[in-house]
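When a residue number appears, it is its place in the shown sequence, counting from 1.
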Amino acid sequence: MATERLDRIRVARTALRLLNEVGLEGLTLRGIAKELDVKAPALYWHFKDKRALLDEMATEMLRRMTADLAQAPPPADWREAYAAAMRGLRSHLLRYRDGARVYSGTHFTDLSYAAPMEAQLRTLTEAGFTPGAAARAWQTGYSYTIGYVIEEQATGEGYDLAAREERLSEYPLAAQAGEELFGSRDEGFESGLAALVSGVGAVLGPG
């Protein structure tokens with residue numbers, strides 16, 4: 001393995017594979033170096049610190065996501081295209097342990113994001129959004145999706161809803177909210193996404 005060329009992409013792919021085993025907190029440059037059968041200082045030729053590595057990992061995640069989503073052209077209707085993009089983002093983040101935390105706050109290391117972003121913004125502007133409104137709409141959906149997945153991955157299998165309801169017996173509305181908040185994550189995401197699409201259309205959309 002050590003005879004293979006060591007570059008940023010190879011390191012990032014190895015780190016993503018290791019991420020699913022150890023999680024973000026357990027991911028270290030030393031551990032990645034061991035997996036690659038090299039000395040840890042070799043990685044510092046490519047990444048000055050863990051943050052720089054996370055940026056490359058997130059960029060590699062984006063490259064994979066873009067390649068997958070490019071196989072299916074986006075729907076013509078902006079609402080369907082917008083929702084499909086957010087579903088695709090969530091689906092790809094969930095492929096990696098702590099994937100949303102890795103992706104959040106990323107400074108992408110190349111222009112992989114440019115073409116998909118341009119396509120999404122063009123769909124919105126061609127539907128009648130102003131360029132500024134299209135950008136705000138995209139940022140709003142992006143933030144919702146990443147935030148949802150961060151919480152989704154942080155809570156794992158979720159809560160014991162019966163125990164939660166018992167603890168909150170004096171707060172009936174908060175107790176009843178448990179099923180909606182911590183029940184089916186897929187249904188929860190779709191419910192929030194539907195509200196988001198309606199809100200974006202009403203506040204930022206054409207007219």
Side-chain angles (χ1 to χ4, degrees), residues 1-2 4-74 81-124 131 134-154 189:
M1 181 180 292
E4 296 180 34
R5 181 171 178 266
L6 188 66
D7 57 23
R8 292 174 63 89
I9 293 178
R10 182 177 167 222
V11 175
R13 289 174 177 172
T14 300
L16 286 170
R17 187 172 67 250
L18 196 58
L19 177 69
N20 282 336
E21 299 176 15
V22 302
L24 183 56
E25 300 305 325
L27 187 68
T28 65
L29 290 174
R30 184 180 298 275
I32 297 166
K34 182 179 179 180
E35 188 76 7
L36 287 165
D37 194 24
V38 299
K39 301 296 183 182
L43 300 187
Y44 288 100
W45 284 101
H46 303 283
F47 304 101
K48 64 179 181 179
D49 53 28
K50 187 174 178 179
R51 180 66 260 176
L53 172 61
L54 293 177
D55 286 344
E56 189 64 43
M57 290 168 63
T59 304
E60 176 61 18
M61 291 165 65
L62 176 64
R63 294 185 194 109
R64 296 175 181 183
M65 177 166 50
T66 300
D68 284 353
L69 297 181
Q71 297 177 17
Y82 186 87
M86 300 313 156
R87 291 186 190 110
L89 175 58
R90 174 175 177 251
S91 174
H92 278 76
L93 294 177
L94 287 173
R95 293 184 182 184
Y96 308 94
R97 182 175 170 183
D98 297 325
R101 289 177 61 200
V102 171
Y103 205 78
S104 178
T106 291
H107 292 82
F108 293 119
T109 62
D110 62 22
L111 294 180
S112 297
Y113 67 89
M117 183 178 184
E118 183 76 10
Q120 291 296 332
L121 294 175
R122 188 170 301 281
T123 296
L124 293 173
R136 178 55 54 198
W138 177 255
Q139 179 65 19
T140 300
Y142 183 86
S143 299
Y144 164 71
T145 303
I146 291 178
Y148 190 95
V149 179
I150 286 176
E151 291 297 319
E152 185 175 13
Q153 293 184 317
F189 179 78

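In terms of heavy-atom proximity, W138 sits nearest to A85 at CZ3-CB, 3.9 Å. Heavy atoms only, all atoms of each residue included: T66 and S112 are closest at OG1-O, 4.2 Å. For T123 against A81, the heavy-atom pair with the smallest separation is CG2-CB, 4.0 Å.
Contacts of D7 classified as side chain to side chain donor-acceptor pair (under 3.5 Å), with partners at least two apart in sequence or in another chain: R5. Residues meeting the salt bridge (charged side-chain N to carboxylate O under 4.0 Å, His left out) test with D55, sequence neighbours left out: R51. Every residue two or more places apart in sequence or in another chain that forms a ring-ring contact (aromatic ring centres under 6.0 Å, His included) with F108 is listed here: Y103, Y113. Take R87 and apply the salt bridge (charged side-chain N to carboxylate O under 4.0 Å, His left out) test, not counting sequence neighbours, and it matches E190. Shown here are the side chain to side chain donor-acceptor pair (under 3.5 Å) partners of R97, two or more places apart in sequence or in another chain: there are none.
Inter-residue side-chain proximity for L53 and L43 is flagged as unmet; no heavy-atom pair is nearer than 4.5 Å. Two residues are said to be in side-chain contact when any heavy atoms from C-beta on lie closer than 4.5 Å; R13 and R64 meet this criterion. For the pair L93/I150, no side-chain contact is recorded, criterion being any heavy-atom separation below 4.5 Å from C-beta on.
Note: L19 CG to R95 CZ = 14.5 Å, rounded to the nearest 0.5 Å. A distance of 8.5 Å separates CE in M57 from CG in L18, rounded to the nearest 0.5 Å. Rounded to the nearest 0.5 angstrom, L6 CG and H46 NE2 are separated by 4.0 Å. Here CG of L27 is found 9.5 Å from CG of D98. Values are rounded to the nearest 0.5 Å. Distance check: H107 NE2 to L54 CG gives 12.5 Å after rounding to the nearest 0.5 Å. Note that NZ of K34 and NZ of K39 are 11.5 Å apart. Values are rounded to the nearest 0.5 Å.
Side-chain N or O atoms of E56 include none that pairs as donor or acceptor with a backbone N or O of T109 at under 3.5 Å. Listed for the S104 side chain is no donor-acceptor partner under 3.5 Å among the backbone atoms of A100. Between the side chain of E60 and the main chain of V11, no donor-acceptor pair closer than 3.5 Å is present.
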*For the pair L24 and K50, evaluate side chain to side chain contact (heavy atoms under 4.5 Å, CB included) and give the outcome as yes or no after the intermediate values.*
CA-CA 10 Å; L24 183 56; K50 187 174 178 179; 4.3 Å; yes

*Are D110 and R8 close enough, and set up right, to give a salt bridge (Lys or Arg N to Asp or Glu O under 4.0 Å), and what steps lead you there?*
CA-CA 12 Å; D110 62 22; R8 292 174 63 89; over 6 Å; no

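Residues in residues 140-150 take part in these side-chain hydrogen bond (donor to acceptor under 3.5 Å, both in side chains) pairs, two or more places apart or across chains: Q139-S143.
For R122, the CZ atom sits in a loose shell: 12 or fewer heavy atoms of surrounding residues, nucleotides or ligands are nearer than 6.0 Å.
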